[in-house]
Amino acid sequence: MQDGVKKTLLPSGLRVITEAIPTTRSAALGIWVGIGSRDETPALHGASHFLEHLLFKGTHKRTALDISSQIEAVGGETNAFTTKEYTCYYARVLDADLPLAVDVLVDAVADSILDPADVETERGVILEEIAMHEDEPGDEVHDVFAEAIYGDHPLGRLISGTPDSISPMTRDQINRFYRRRYTAPEIVVAAAGNLDHATLVRLVRKALAGTPLDTGPAAPAQPRVGDKRVRVRAARNVVLHRDTEQAHIVLGGPGVGRHDERRFALGVLNNVLGGGMSSRLFQEIREKRGLAYSVYSYSGQYADSGLIGVYAGCAPAKSREVLDLIRAELDRVAADGITPEELIRGKGMAKGSYVLGLEDTGSRMSRLAKSELLHGDLMGVDELLTRVDAVTLDEVGAVATDLLAQPMSLAVVGPFDEDELPA
């Protein structure tokens with residue numbers, strides 16, 4: 001372990017990992033569960049996100065108001081989020097209030113009662129959240145793109161579920177999912193800030209005592225390796241009609257998984273292609289031609305798969321020109337790679353964004369948990385910077401050829417008929 005980082009494995013298989021940062025006066029605590037939307041059956045589509053809402057609604061010891069008011073009374077904050085492969089419940093408090101945060105957060109995650117009345121209340125909230133998401137076409141287009149790549153595989157489905165899956169879901173279905181999936185071996189408790197590791201472990205043990213997570217000996221779950229048979233769909237065009245002022249476009253295809261050694265070269269490539277104001281796409285489409293306000297490239301990695309895409313939001317009448325420019329730039333990079341100067345800049349961006357992203361306790365806590373949950377170990381900052389520095393022009397060129405020369409899928413949300421492409 002690195003300096004200041006300590007880890008304890010409880011007999012139940014639950015892991016506690018901390019980073020002591022004595023110079024701060026705050027602490028961030030997270031309970032990370034290695035279960036996300038890709039673990040749901042079609043009948044339970046959206047259950048992970050539904051559960052994320054419900055765990056703050058009350059336990060055998062606390063009401064929903066108790067959970068929120070006890071943390072807010074000391075100036076802290078709690079929240080949660082669900083992804084396709086894990087769910088996180090977190091709190092940020094003053095260092096002196098970390099014992100309270102542990103007690104409240106562990107209680108909520110380990111011993112929620114899922115009252116039927118709360119299930120109905122949150123069902124309405126989630127349906128409104130889904131509707132609100134549909135009013136944000138710049139976000140919705142990324143979901144359309146994921147579905148174009150993965151189809152009906154769980155990686156292609158909405159994390160939130162749909163009205164058709166959320167409306168009939170019962171309290172018993174959610175509770176069974178909760179108790180079957182939220183087990184101690186799947187959980188990592190991570191904390192960073194002005195704290196003592198041994199003290200935190202004692203607090204976690206005390207908070208877990210007598211809860212459904214206070215279980216017998218078990219080995220911790222291994223990092224997800226995923227389904228080696230994940231298949232992507234053939235390249236296709238998907239147009240979703242919305243009466244919007246802008247056309248929202250994503251062009252891209254399959255990428256690499258998070259265990260793929262090419263991920264470092266892909267990170268550099270992404271920075272050069274569309275990762276900032278100096279990137280090729282930003283300069284060509286926005287700075288030189290003024291065709292779009294927002295244009296960028298991105299990649300997403302899962303245990304066994306990934307995707308890479310380019311987003312642009314532009315006037316519908318300009319969408320064809322924007323698409324042509326994006327395709328031309330992708331073709332150039334696929335054929336010719338990047339320049340030595342771009343390699344240096346892309347590496348600098350990767351290293352700077354990573355290090356600057358570790359300036360607060362919350363990001364430090366997230367780094368600990370993700371490393372343990374997703375990779376099984378913690379790559380040190382120096383090691384990561386060394387890996388980025390080691391990326392060569394040939395490696396970037398190879399990953400560019402592999403990913404950018406393949407047939408691309410196109411997702412469009414805007415004022416077009418569903419059977420027409422932007423013209």
Side-chain angles (χ1 to χ4, degrees), residues 32-57 80-89 109 112 114-116 118-137 139-183 186 221 224-233 236 238 240 242 250 254 257 300-307 309 373-374 409 411 413 418:
W32 297 67
V33 187
I35 299 297
S37 62
R38 75 173 295 179
D39 300 299
E40 301 159 356
T41 63
L44 288 172
H45 179 201
S48 298
H49 178 249
F50 209 146
L51 192 55
E52 173 210 315
H53 279 244
L54 289 170
L55 294 197
F56 287 114
K57 299 300 289 184
F81 60 88
T82 306
T83 74
K84 294 185 178 181
E85 296 190 322
Y86 56 86
T87 307
C88 172
Y89 304 83
V109 174
S112 180
L114 307 191
D115 185 273
D118 292 329
V119 172
E120 295 311 311
T121 299
E122 289 307 306
R123 190 192 314 278
V125 172
I126 292 168
L127 291 173
E128 288 299 323
E129 185 178 353
I130 293 171
M132 181 177 68
H133 183 70
E134 292 177 353
D135 287 336
E136 298 290 343
D139 295 332
E140 188 178 25
V141 70
H142 297 288
D143 295 325
V144 176
F145 175 62
E147 196 275 336
I149 299 293
Y150 292 112
D152 60 1
H153 186 278
L155 289 177
R157 298 198 303 239
L158 290 170
I159 292 171
S160 61
T162 66
D164 288 342
S165 66
I166 294 299
S167 297
M169 199 176 297
T170 68
R171 185 268 178 190
D172 286 345
Q173 285 179 302
I174 300 168
N175 189 58
R176 284 195 297 270
F177 183 86
Y178 175 33
R179 292 308 175 194
R180 186 174 67 252
R181 294 293 196 166
Y182 275 48
T183 60
E186 291 284 358
R224 186 193 299 266
V225 295
D227 183 353
K228 298 301 183 183
R229 296 167 296 177
V230 168
R231 294 179 181 177
V232 297
R233 302 169 80 186
R236 65 196 57 226
V238 182
L240 184 62
R242 291 282 186 265
V250 175
Q301 280 100 39
Y302 305 111
D304 47 7
S305 186
L307 46 78
L373 195 66
L374 305 181
S409 287
V413 176
E418 294 184 4

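Below, all heavy atoms of this structure are taken into account, side chains as well, without hydrogens, waters or symmetry copies.
Nearest heavy-atom pair across V144 and V413 is CG2-CG2, 4.1 Å. Contact detail for G46 and M169: the closest heavy-atom pair is C-CE, 4.4 Å. Here the closest heavy-atom approach between residue V232 and residue P254 is recorded as CG2-CG, 3.7 Å. For the residue pair F177 and D39, the shortest heavy atom distance occurs at CE1-O, 4.2 Å. P163 and P168 get closest at one heavy-atom pair: O-CD, 4.2 Å. Listed here is the closest heavy atom pair of G161 and I130: O-CD1, 3.5 Å.
Salt-bridge check for E147 with R233: passed, with a basic side-chain N closer than 4.0 Å to an acidic carboxylate O.
With values rounded to the nearest 0.5 angstrom, R180 atom CZ is found 10.5 Å from N175 atom CG. For the atom pair CG of D164 and NE2 of H45, the computed distance is 10.5 Å after rounding to the nearest 0.5 Å. From K57, atom NZ reaches atom OG1 of T121 across 6.0 Å, with rounding to the nearest 0.5 Å. Taken to the nearest 0.5 Å, the CZ atom of R157 stands 14.0 Å off from the OH atom of Y150. To the nearest 0.5 Å, atoms CD1 (I174) and CZ (F50) are separated by 4.0 Å. Note that the CG atom of L240 and the CD atom of E134 stand 8.5 Å from one another [nearest 0.5 Å].
Scored by the salt bridge (charged side-chain N to carboxylate O under 4.0 Å, His left out) test, E128 finds no partners at all (sequence neighbours excluded). For the salt bridge (charged side-chain N to carboxylate O under 4.0 Å, His left out) test, no residue two or more places apart in sequence or in another chain qualifies with E52. Take D118 and apply the side-chain hydrogen bond (donor to acceptor under 3.5 Å, both in side chains) test, not counting sequence neighbours, and it matches no residue. For H53, the side-chain hydrogen bond (donor to acceptor under 3.5 Å, both in side chains) criterion is met by H49, E122, E129, not counting sequence neighbours. Residues forming a salt bridge (charged side-chain N to carboxylate O under 4.0 Å, His left out) with E140 (at least two apart in sequence, or on another chain): R242. A search for ring pair (Phe, Tyr, Trp, His ring centres under 6.0 Å) contacts involving Y182 returns Y178, not counting sequence neighbours.
Within 6.0 Å of the CZ atom in R179, the count of heavy atoms belonging to other residues, nucleotides or ligands exceeds 12. Within a 6.0 Å radius of CG in D152, no more than 12 heavy atoms belonging to other residues, nucleotides or ligands are found.
Without hydrogens or angle criteria, Q173 side chain to T170 main chain gives a donor-acceptor distance under 3.5 Å. Side chain of R123 to backbone of S167: a donor-acceptor contact under 3.5 angstrom is found. T87 places a side-chain N or O within 3.5 Å of a backbone atom of I35 that can act as its donor or acceptor partner.
L374 places none of its side-chain heavy atoms less than 4.5 Å from the side chain of R224. The shortest distance between side-chain heavy atoms of L51 and L114 falls below 4.5 Å.
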